[in-house]
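Just so it is clear, the structure is predicted and the values come from calculations on it, not from any experiment. A note on names: the letters A, B, ... follow the listed sequences, proteins ahead of strands, and every chain is numbered from 1.
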Amino acid sequence: MPSTHYDPKAIEPKWQKRWEQDRTFRADDASGRPKYYALEMFPYPSGSGLHVGHLKNYVPMDAFCRYQSMNGFSVLHPMGWDAFGQPAENAAIQTGRNPRDLVPEYAANYRRTLKLAGCSYDWDREINSSDPAYYKWTQWFFLLLHQRGLAYRSTAPINWCPSCKTGLANEEVKEGRCWRCDSLVEKRPMPQWFFKITAYADRLLNDLDGLDWSDGMKEMQRDWIGRSEGATVKFQIQNSKLEIEVFTTRPDTLFGATFMVLAPEHPLVNQITTGAQRSAVEAYVKQAQGETEIDRMNAERTKTGVFTGAYAVNPVNQKEVPVWIADYVMMGYGTGAIMCVPGHDARDFEFAQKFGLPIVQVVSKDGSTYELAQAEPDEGVAVNSGPYDGLTTAEFKRKINAWLEQHKLGKPTVNYRIRDWLISRQRYWGAPIPIIHCVKCGAVPVPEKDLPVLLPDVKNYQPTGTGESPLAAIPEFVNVTCPQCHGPAKRETDTMGGYACSSWYFFRYIDPKNQQAFADRKKLDYWMPVDFYTGGIEHARSHLLYARFWTKVLYDAGYVGFQEPFKILKNQGSLLAYTPGRKPTASDNPAASGGDEKILDWILLKPDEFAKYPKDQVVWRWARMSKSKGNVVTPEQIAETYGIDSLRVYEMFMAPFEDDVQWTEDGIHGSHRFVCRVWRWLAASLLCYDKDWRSQLPGQPSDQEKKVRRKLHQTIQKVTHDLKGFSF
RNA sequence: GCGAGGAUGGCGGAACUGGCAGACGCGCCAGACUUAGGAUCUGGUGCCGCAAGGCAUGGGGGUUCAACUCCCCCUCCUCGCACCA
């Protein structure tokens, strides 16, 4: 009989121990029950441990899993560690210790806190992506992609973080800065491995329609894939055999193309530039090279450019059009060259005005011609377009595409914004790329039987900055024989970026100890796909895109029978803590004096600074809870004062799962009182509980009894409805 | 600029397919218990009004017996992308 006094310190350890002993949350592969796979994005273990903000993700899913389990589902709810990659390695570098030693310590700490928080994980399935038994299969995936022609090596200018000293995928660059350290990213040409995610662009786009994800999330992926339909058109250089190919979404405006612009890096620039213009062009190219990505991408900037001296011929009307170079054209998109229609494109209009280039109207609202005060990008009726006058934009596009194709001057083309996934990292802490470079045979994949390629244990793991990973300094690792010709060869020394590990981890939970395959097919068929996935929105364009890509590759190769790994996805809001900071001064903002730092509007005060800082100048704000801001509350603290259940109630209840929550001590106090009240009420009810209640039911219930029963069922209905909607 | 989401008491937020607006928590008010209360418990609490009653879901219009919910216009907020041709 429970006491009417609520004593979490007696209740919670008792049950946590029981769960541990009975392995209550073990997922059964052969229960015969319908399955439910619930997953939270696995964390990278860091030294600062878990705080109550992290639990905002884990606790609601935990409650939901318990509910599903009580409803008869066989629930798979696993946990593991995203232990390879920059986050873990940077943390290790900061503490001056080896990530190999740190990861297990940190993981143990996380595991302890999650158990304290009462989370119902099947710990028998715990995984660690830096474990050779795990990364063997990460390497196997590399080989699978390689075998299917989806992994290739290329020397192209890539994103380079000068502080982390490694190449980065496009998805790891935010506003021109490194995702881990915020440094401005540079361009460096280096031989690197890429995964051909662009080959899956259309499928990644189309299959979004069937997913139960938020509109915002799907839209972010659509934007990132960036499909646009148009045409490629060839322009002949006057008095030359050379031609410039452009991509345009508006082939119907060809008659209004009065000049062309090439990106400064375009390979034809050097060949077409005339003697008179050479020095001006070279100076401009040099200047453009010195600019950072962030300068280049700034749309507010006024247009600059230089005439190459060359002219091209507009294929539809044979008019000569001058060819310019300008940095508003990006080499990485389309063909790196554009035809310019100043009448109907704002950027071209600005450029034409500045350099006195002709502006011709070819689209009209009503079929009449009039003076253009600005570019008119809207669709309409063709004018000044010879035989096409009077056609609507859509008709014109159809006809001109056919004409271009017939005369071999162009063709309908689809372009994507997404680029291939750069996977090489010049860093120690990752899965070695399973490739051997042989002078005779080229890049030879390591035979599957030789996997895993073990990451050597080294003292010095710091990134070198030379463009080579620290592994290049280990002769025993580097010097091998070629698997094909058995001649001397050298191992690839780059490692894979951490996103490789997280692109398939949800498969490994299904069969975490399998040594013959990444997971058993029967088990995959039972458990996959993930029914409900939660995690941070910051992975919208990276992890979630990569994982979908790899799943489709597995499907194509016949390893799985589904094409989408995550049916339902929700992104948790953050936990915000009221945090002291100060207003920045001029010296905090080097940007104002031409530096490259971000402009700051608030600088948080660490606890020691806060103690010294004049109180009347402190500015308080709600800021995301994090160890680095010094505003964390730990689950241990709350467990001590109120008990974990009060914390769990608070985190689930204070706002919808996807919204931010402001952490207040008053709020947790209220949740605690609520839990106390429930306990007291329940304990009191149990005093009058009659086990034999069924036989006591009256044949004809009184009105009072009917009311009680109605209320009971209304409550069941409401609670069921709320839980199913992940609303607490 | 483009795209997505949002706006409900003093505060966080409920309200499923249109059907009693404001669940629950904070705060506030009153009472109980106390030497004491920044503890605990009980009750009350959208706004105006003594009351009857009236007014209320960012603003304006519309559909409907009925609108927080659907449609149109506007304002503001948050997030994402941003010279992508």
Asker: Under 4.0 Å from any atom of RNA chain B, heavy atoms only: list the residues of residues 655-671 of chain A that qualify, in numerical order.
Answerer: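 Of all residues in residues 655-671 of chain A, the ones placing a heavy atom under 4.0 Å from RNA chain B are A:P656, A:D666, A:H669, A:G670.
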
Asker: Please determine, for the side chain of A:F247, which listed nucleotide (B:G25, B:C81, B:A85) has the closest atom?
Answerer: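 Nearest to the side-chain atoms of A:F247, counting from C-beta on, is B:A85.
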
Asker: Looking at A:Y328, is A:K303 sitting on its ring face, NZ or CZ under 6.0 Å from the six-membered ring centre and within 45 degrees of the normal?
Answerer: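 Pair A:K303/A:Y328 counts as cation-pi.
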
Asker: Can you tell me how far C1' in B:G5 sits from the matching atom in B:C28, rounded to whole Å?
Answerer: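 B:G5 and B:C28 have their C1' atoms separated by 33 Å.
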
Asker: When the distance from CZ of A:F728 to P of B:G13 is rounded to whole Å, what number comes out?
Answerer: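 Distance, rounded to whole Å: 17 Å.
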
Asker: For A:F194 together with A:W421, are the ring centres under 6.0 Å from each other?
Answerer: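 Distance test on ring centres: not under 6.0 Å, no.
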
Asker: Using atom P in both nucleotides, what's the gap between B:G58 and B:G38 to the nearest angstrom?
Answerer: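 Each nucleotide's P atom is 38 Å from the other's.
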
Asker: Figure out the NZ/P separation between A:K174 and B:C79, and round it to whole Å.
Answerer: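 In whole Å, B:C79 P lies 15 Å from A:K174 NZ.
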
Asker: If you take the centroid of each ring, where Trp contributes its six-membered ring, are A:F532 and A:F566 closer together than 6.0 Å?
Answerer: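 Ring-ring flag for A:F566/A:F532: false, centres at least 6.0 Å apart.
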
Asker: Closer than 4.0 angstrom, basic N to acidic O: yes or no for A:R222 and A:D209?
Answerer: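 So A:R222 pairs with A:D209 through a salt bridge.
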
Asker: When we call it a touch if two heavy atoms are under 4.0 Å apart, what does A:S228 touch: a base, just sugar-phosphate, or nothing?
Answerer: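 Sugar-phosphate only.
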
Asker: Is any side-chain N or O of A:K718 under 3.5 Å from a base N or O of B:C16, one able to act as donor and the other as acceptor?
Answerer: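 Counting by modelled atom types and ignoring angles, no donor-acceptor contact under 3.5 Å is found here.
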
Asker: Under 3.5 Å for both pairing distances: what stems, at least three Watson-Crick or G-U pairs long, include RNA chain B?
Answerer: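 So far as stems of 3 or more pairs are concerned, RNA chain B shows B:1-7 with B:75-81, B:10-12 with B:24-26, B:27-32 with B:40-45, B:46-48 with B:53-55, B:58-62 with B:70-74.
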
Asker: When the P atoms of B:C70 and B:C20 are considered, how many whole Å apart are they?
Answerer: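 Taking atom P in both B:C70 and B:C20, they lie 16 Å apart.
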
Asker: Establish, yes or no, whether a centroid distance under 6.0 Å links the rings of A:W663 and A:Y578.
Answerer: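 No; A:Y578 has its ring centre 6.0 Å or more from that of A:W663.
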
Asker: Under 4.0 angstrom, heavy atoms only, what part of the nucleic acid is A:R677 near: base, sugar-phosphate, or nothing?
Answerer: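 Sugar-phosphate contact only.
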
Asker: Side-chain contact, heavy-atom cut-off 4.5 Å: A:E350 with A:T302?
Answerer: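 Heavy-atom side-chain distance check passes, below 4.5 Å.
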
Asker: Nearest of B:C24, B:G27, B:A15 to any side-chain atom of A:R673?
Answerer: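 Side chain of A:R673 sits closest to B:G27.
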
Asker: With the 90 degree cut-off around zero defining syn, does B:G44 come out syn or anti?
Answerer: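 Chi for B:G44 falls in the anti range.
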
Asker: Can you tell me how far P in B:A21 sits from the matching atom in B:G31, rounded to whole Å?
Answerer: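 My reading of the P atoms in B:A21 and B:G31 gives 33 Å.
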
Asker: On RNA chain B, compare the nucleotides closest to A:R541 and A:T249; which residue's is nearer the 5' end?
Answerer: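 Its nearest nucleotide lies further toward 5', so the answer is A:R541.
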
Asker: Assess whether a salt bridge exists between A:R227 and A:E229, defined as any Lys/Arg side-chain N lying under 4.0 Å from an Asp/Glu carboxylate O.
Answerer: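 Salt bridge present between A:R227 and A:E229.
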
Asker: What do you reckon, is CD of A:Q717 surrounded by more than 12 foreign heavy atoms closer than 6.0 Å?
Answerer: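 12 or below, so no.
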
Asker: Expressed in whole Å, how much space separates the C1' atoms belonging to B:A14 and B:A7?
Answerer: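 Result for the C1' pair: 16 Å, nearest Å.
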
Asker: So that I know where these two stand, are A:H54 and A:H51 an aromatic pair - ring centroids less than 6.0 Å apart?
Answerer: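 Distance test on ring centres: under 6.0 Å, yes.
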
Asker: In this structure, is the centre-to-centre distance between the rings of A:Y499 and A:W179 below 6.0 Å?
Answerer: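 Distance test on ring centres: under 6.0 Å, yes.
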
Asker: Is the ring centre of A:W324 less than 6.0 Å from the ring centre of A:F259?
Answerer: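 No, ring centres 6.0 Å or more apart.
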
Asker: Among B:C16, B:C24, B:A85, find the nucleotide with the atom closest to the side chain of A:T248.
Answerer: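 My answer, after comparing the listed nucleotides, is B:A85.
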
Asker: For atom C1', what is the distance between B:C79 and B:C72, given to the nearest Å?
Answerer: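 Straight-line distance between the two C1' atoms is 26 Å.
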
Asker: Please check if the distance between the ring centroids of A:F396 and A:Y388 is under 6.0 Å.
Answerer: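 Close enough - the centres of the two rings lie under 6.0 Å apart.
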
Asker: How close or far is atom P of B:A23 from atom CG of A:L723, stated in whole angstroms?
Answerer: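 Spelled out: CG on A:L723 to P on B:A23 is 20 Å.
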
Asker: If the sugar-phosphate is the primed atoms plus P, OP1 and OP2 and the base is the rest, what is the B/S/- string for nucleotides 2-9 of chain B, using protein heavy atoms under 4.0 Å?
Answerer: -SSS----

Asker: Between A:F674 and A:G226, which residue's closest nucleotide on RNA chain B lies nearer the 5′ terminus?
Answerer: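 Result: A:F674.
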
Asker: Expressed in whole Å, how much space separates the C1' atoms belonging to B:G18 and B:C68?
Answerer: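 10 Å, rounded to whole Å.
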
